[in-house]
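Numbering starts at 1 and runs along the sequence shown. Side chains are part of it too, since the values below use all heavy atoms of this structure and drop only hydrogens, waters and symmetry mates.
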Amino acid sequence: MSIASVEAQKQLDRIVALGYPDVADMSAAAFRALARPLIGALEHSDLGSNILLVPTRELVSPESLIARTSINRMAGFTTMPPRDIASFLPVSGFTPPEGPFYLVVDPHTGTCYINREPDVARKLLDSDDRLPLTLEEGLAIATQHPEWLMVKNGFNLLGSRSADGRVPSIWMSQNAPRLGAVWPNSRHTWLGNAYCAARRGISLFR
């Protein structure tokens, strides 16, 4: 098995243990089967372990996922209603690869873009040839690497926006992961602007 396939399998095991098949309204076996082609394709990939296995929102809706994250047994939370969370959609040009699963390559919490307004940070990301993360991808970080919120920083997810222009964000609050939102012209000293190097769907491994 390759480094990448081992890491993807480990991440799949984690989200199955956290109840993602229940959210998708299917058995654990059926849920695992949907990820098998992508993980199998990684056997011949030179990707390392710095990847995220991301289920698309068509498979797992994002509204309940923050509650399945935790740090030191403190469950993640949000004060936003489900309809608000569902309203954060990928911005133009950042539609994720075909599902039901895809990979994010070299994800980062965007420490170098900390305390930058989302609109300003987006221009900086573009100039640095980096891709802003979406809501689903940020939730994957909080699920697979919750410790990053403590040892690195919270982050805005510029790849998604609501119709009123808000940007979803994840940070530490009350010793737990919190999902919230910020306005595009606001800055916060504890929020970076998360990004990745690439996204890969199953077709890119064929």
What heavy-atom pair brings [X] and [Y] nearest, and what distance separates the two atoms?
X	Y	result
Leu157	Gly138	CD2-CA, 3.5 Å
Ile71	Pro146	CD1-O, 3.3 Å
Glu98	Tyr102	O-CB, 4.3 Å
Pro132	Gly159	CB-N, 3.7 Å
Gly165	Pro184	O-CD, 3.3 Å
Ala121	Arg116	CB-CB, 4.1 Å

Would you kindly confirm whether [X] and [Y] end up in one hydrophobic cluster when ILVMFWY residues are joined by side chain heavy atoms under 4.5 Å apart?
X	Y	result
Ile66	Trp171	no
Leu135	Phe77	no
Leu125	Leu191	yes
Ile170	Ile85	yes
Leu89	Val182	no

Flag the pair [X] / [Y] as yes when at least one side-chain heavy-atom distance between them is below 4.5 Å, and no otherwise.
X	Y	value
Gln9	Leu12	yes
Tyr113	Arg130	yes
Met172	Met150	yes
Ile51	Arg200	no
Val23	Arg68	yes
Tyr20	Leu65	yes
Leu59	Phe31	yes

*So Phe155 and Ile114, side chain to side chain contact (heavy atoms under 4.5 Å, CB included) or not? Walk me through it.*
CA-CA 8 Å; Phe155 45 85; Ile114 207 163; over 6 Å; no
_Just to verify, which of Asp164, Asp119, Val167 counts as forming a side-chain contact (heavy atoms from CB on, under 4.5 Å) with Trp183?_
Asp164
*asked:* By the definition side-chain contact (heavy atoms from CB on, under 4.5 Å), identify the one residue from Asn50, Leu52, Leu131 that meets it with Val104.
replied: Leu52
*Run the salt-bridge test on Asp126 and Arg122 with the 4.0 Å N-O cut-off and return the result as yes or no.*
yes
Between atom [atom1] of [X] and atom [atom2] of [Y], what is the distance when rounded to the nearest 0.5 Å?
X	Y	atom1	atom2	result
Asp84	Thr78	CG	OG1	8.5 Å
Asn156	Ser186	CG	OG	7.0 Å
Arg83	Glu63	CZ	CD	11.5 Å
Thr69	Arg178	OG1	CZ	13.0 Å
Ser45	Leu38	OG	CG	9.5 Å
Leu53	Leu42	CG	CG	8.5 Å

Sub-3.5 Å donor-acceptor pair from the side chain of [X] to the main-chain atoms of [Y], do we have one?
X	Y	answer
Arg166	Ala181	no
Ser49	Glu7	no
Glu137	Pro96	no
Thr56	Gly99	no
Arg14	Thr143	yes
His108	Gly110	yes

*asked:* Testing Thr189, Thr109, Asn193 one by one against Asn153 for a side chain to side chain donor-acceptor pair (under 3.5 Å), which residue passes?
replied: Thr109
*Might you work through the side chain to side chain contact (heavy atoms under 4.5 Å, CB included) test for Ser162 and Met80, ending with a clear yes or no?*
CA-CA 13 Å; Ser162 64; Met80 294 192 296; over 6 Å; no
*Donor-acceptor side-chain pairing of Tyr195 and Asp128 below 3.5 angstrom*: no
*Apply the test side chain to side chain contact (heavy atoms under 4.5 Å, CB included) to residues Asn175 and Asn72: give CA-CA distance (whole Å), side-chain angles for both, the deciding distance (0.1 Å), then the verdict.*
CA-CA 8 Å; Asn175 298 314; Asn72 297 327; over 6 Å; no
*Does CD1 belonging to Ile3 count more than 12 external heavy atoms closer than 6.0 Å?*
no
*Please walk me through it: do Val54 and Arg199 pass side chain to side chain contact (heavy atoms under 4.5 Å, CB included)?*
CA-CA 10 Å; Val54 182; Arg199 296 178 175 90; over 6 Å; no
